[in-house]
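Keep in mind that the numbers below use all heavy atoms, side chains included, and drop hydrogens, waters and symmetry copies. Just follow the structure's listing: the first ligand is 1, and inside any ligand the first atom is 1.
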Amino acid sequence: MNLKDFWITIVSELATTLGRSEIITWFKNTAVLSLENGFLTVGLPLPFFVNWHSQHFAHITLEAAKKIDPSIKSVVYQVDLTLGDNDPRVIDILKHFPEKPSSRKLPKKNEIKYENGVVSKILNPKYTLENFVTSPENRLAHAACQNVAKYPGQNYNPLFIYGGVGLGKTHLLQGTGNEMLKNDPTRVIVYTTTENFTNEVVDSIQNKNMERFRNKYRRVDALIIDDIQFIANKDRTQEEFFHTFNSLYESGKQIIISSDRPPHELTLLNERLVSRFESGMIVDVKMPDYETRLAILQSKCQEAQVIISREVLEFIAFNIVTSVRVLEGVLKQAIGQYELAHTSPTVKAVAEMIRQTQKEVKMIGFIENDPIPRSAVTIEMLIDSVSQYFTVSRSEVIGESRARECMVPRQVIMYLAKTKLRMSLAKIGRTLGDRNHTTVMHAVEKMNEQLKNDRQLLRDINAIAKEVGIH
Ligand code: ADP
Ligand code: MG
């Protein structure tokens, strides 16, 4: 049997379990390049086929090959950029696998494999849209991603997500890619960082194979490009990206972009690109509130199957306010301690860890040399201190009275709970006698206004904050 017939027999065998569209997508322009010493070398037309084949088809290819020639030990993939439609080594995939209108729809084998954890290397399976914890600060971004995963190329194109470091942009991008792939495993979804994209442009210029680069990107079903701010100043990459963008956009393919700032602030970007970005959906992600941070920690503990005490989780959620990545980093250290000792670390131990590794974090609720480490300052402590300071009773503060002696302390509590304890308006309202979140919002706004002129109020607030340790 010659190599070509050999390959036809193998692919036909694979076609009994894979879907036709999968065969066409991944086996078009492939060939057996050689069979020597038990090594079957399969040629693939594009570099990014290698990961996919290795992860999804290597095993079944080897099995199919062994059926024909038991001496075959291994399948080796080799990129051969010259493989194309007119290459005599390549099998005519459409001819050998014609569409059969009556054929039973084959189950999507990929999807099953996907659930078994075999996935594209391009996308990290640990990021999903399900395990992304939503809060008011990221809900819109998450909803947009869900919509895009369901209806790629239709409603929000391009989708542009921006926000600071470690707030979940990469998670959302990859989660969307994973979801799209789950919905249809035959889709070609490319996730790339802007840095990687730039390197590819540079390599292609050097090796004079720009055409190949363009073909690679223009045949994808969805392009996900992370951290586009790094394209600033790189004129040639911007130019290439612009053309890729247009080509994909015009053929209705989904494009998802992330950036550390909104499009109009990407000053070194070609204006045409900025206006392309602005033509789609733009959403931001911000640091989630305290409750969500706690929920994220709990969800990560569940994923890792460890139990860390609630007090410790509250302490971390309370003190880490700049990035979810740092939040996760601190939790990982706590988990490390848990795994060493098989018991939840103490707040004191975690505070020590934060002190050593997160120098810029100013911790609240744990006082150095305090013999009894305390967890986060709670709104309860705040209510007590404020009532004492203004010499009113706790029930008066929480109650309905609209007398000034009660109103002022109540508003001070709301203000401090929002600005210092970073609690959500809803939670503050609930704790303070089941008030509506808009009441809390007005109180905070009013305080903000008043503090501009009222020096006594400012002194009062500072004194209280100092006393509870949240100044
Ligand atoms: P960015 O790309 O914005 O810098 P990442 O997506 O890399 O941030 O997020 C940093 C880490 O925080 C990741 O491990 C991610 O899983 C986690 N993370 C961020 N936001 C959330 C969230 N809302 N729910 C769960 N995990 C999150
Ligand atoms: Mg990122």
Tell me the closest heavy-atom pair linking [X] and [Y], and the distance in Å.
X: Lys418; Y: Ile428; result: N-CD1, 3.6 Å
X: Lys216; Y: Arg219; result: O-CG, 3.3 Å
X: Phe213; Y: Val201; result: CZ-CG2, 3.6 Å

Sub-4.5 Å side-chain heavy-atom contact between Tyr338 and Leu331: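 When only atoms from C-beta onward are counted, Leu331 and Tyr338 do not touch, as no gap falls below 4.5 Å.
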Using a strict 4.0 Å threshold on nitrogen-to-oxygen distance, state whether [X] and [Y] make a salt bridge.
X: Arg394; Y: Glu380; result: yes
X: Glu239; Y: Arg272; result: yes
X: Glu314; Y: Arg310; result: yes
X: Arg214; Y: Glu211; result: yes

Should the pair Arg276 and Phe242 be classed as cation-pi, given the thresholds of under 6.0 Å to the six-membered ring centre and 45° from the axis?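 Here Arg276 fails the 6.0 Å and 45° test against Phe242.
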So is [X] in contact with ligand 1, going by heavy-atom distances below 4.0 Å?
X: Gly166; answer: yes
X: Leu327; answer: no
X: Lys300; answer: yes
X: Ser258; answer: no

The Mg ion (ligand 2): protein N, O or S atoms [distance under 2.8 Å]: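 Checking every protein N, O and S atom gives Thr170 OG1.
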Atoms in ligand 1 with a heavy atom of [X] nearer than 4.0 Å:
X: Gly164; answer: 3 (O)
X: Val133; answer: 22 (C), 23 (N), 24 (N), 25 (C)
X: Glu328; answer: 11 (C), 12 (O), 13 (C), 14 (O), 15 (C), 17 (C)

Which one holds for [X] and ligand 1: side chain close, backbone close, both close, or neither close, with close meaning a heavy atom under 4.0 Å?
X: Ile296; result: side chain
X: Asn138; result: side chain
X: Lys169; result: both

Side chains of Thr134 and Asn138: do they bring a donor and an acceptor to under 3.5 Å?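 Asn138 and Thr134 do not have a side-chain donor-acceptor pair below 3.5 Å.
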Within the 3.5 Å criterion, strictly below it, is a donor on Asp460 or Tyr389 matched to an acceptor on the partner's side chain?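 Tyr389 and Asp460 do have a side-chain donor-acceptor pair below 3.5 Å.
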Does Phe132, backbone or side chain, put an N or O under 3.5 Å from an N or O of ligand 1?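 So ligand 1 has no N or O lying under 3.5 Å from an N or O of Phe132.
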For this output row, return yes or no: ring centroids of Phe27 and Phe57 closer than 6.0 angstrom.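 Yes: the rings meet the under 6.0 Å criterion.
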Before you tell me yes or no, could you show the steps for Glu449 and Lys446 under salt bridge (charged side-chain N to carboxylate O under 4.0 Å, His left out), namely the whole-Å CA-CA distance, both residues' side-chain angles and the distance that decides it to 0.1 Å? CA-CA 5 Å; Glu449 264 318 295; Lys446 190 169 167 216; over 6 Å; no
Considering heavy atoms of the protein only, find what lies nearest to atom 18 (N) of ligand 1 and give residue, atom and distance to 0.1 Å.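 Protein heavy atom with the smallest distance to atom 18 (N) of ligand 1: Val324 CG1, 3.2 Å.
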Considering only the protein, which heavy-atom contact is closest to atom 7 (O) of ligand 1, and what is its distance?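 For this ligand atom, the closest protein heavy atom is Arg325 NH2, 2.8 Å.
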Minimum non-hydrogen distance to atom 6 (O) of ligand 1, winning option of His171, Met287, Lys126, Glu137: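 Considering heavy atoms of His171, Met287, Lys126, Glu137, the nearest to atom 6 (O) of ligand 1 sits in His171.
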